[in-house]
Amino acid sequence: MADSPKKPRGGFQGGVKVPLVFSSVVGIIAFVVATVVGTGGLNNPEHPLRLDIGLIAFGVGFAATLVVVALLQLTGRENPDHISEGSGMNRSSEELHRAAVARARERMRRERAEAEQAEQATGNESATETDDR
C-alpha cells in the first residue's frame, strides 16, 4: 500500500473539514437552544443560564451529526478498482459465479449425453433381441 499513488481528495466527499464544521454548527445551535430552554427563556432574570445542559446538548449534537455525516460519506464512496483484482480474498465474486455456472452447465451437458448414449445402447440391444427371435 505504501507504493500506491495517493489521489488528492477534495470536495465534500474527501475532506474532513466540512463534516467537522457542519457538526460544530449543529452543536452550537443545540447548545444555544438547550441553554435558553433550560433557563426558562431569555426574560427570566431569577434563574442563571444552564450552561451544563447546553454543554451536554452541544456534545450530543456534535457527536451524533459527525457520526451520521461520516456514515453517509462512507456509503457514497466508490470502491477502488484494485480491490476486485488479484487472487485470494480480493477475487471478484462475479468471475467465481460465472465459473461455477459454466462448470454446472458442462456437467449437465455431459450427463445428458451419457443418458442419450445409454438410451441408444438399450434401444439397440432390444432391437437386436427382437431380430434374433
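All values derive from a computational prediction rather than experimental measurement.
Nearest heavy-atom pair across A34 and G54 is CB-CA, 4.1 Å. Nearest approach of F58 to I28, heavy atoms of both residues: CD1-N, 3.5 Å. Minimum heavy-atom separation, F31 to L55: CD1-N, 3.6 Å.
The residues R109 and E106 are annotated as salt-bridged, a charged nitrogen and a carboxylate oxygen being separated by less than 4.0 angstrom.
Annotation: side chain of F62 is in contact with side chain of L20 (closest heavy-atom distance under 4.5 Å). A heavy-atom distance below 4.5 Å is not found between the side chains of I53 and T35. You'll find the side chain of P19 reaches within 4.5 Å of the side chain of L66, heavy atoms only.
With hydrophobic clusters built from ILVMFWY side chains whose heavy atoms lie under 4.5 angstrom apart, V33 shares a cluster with V25.
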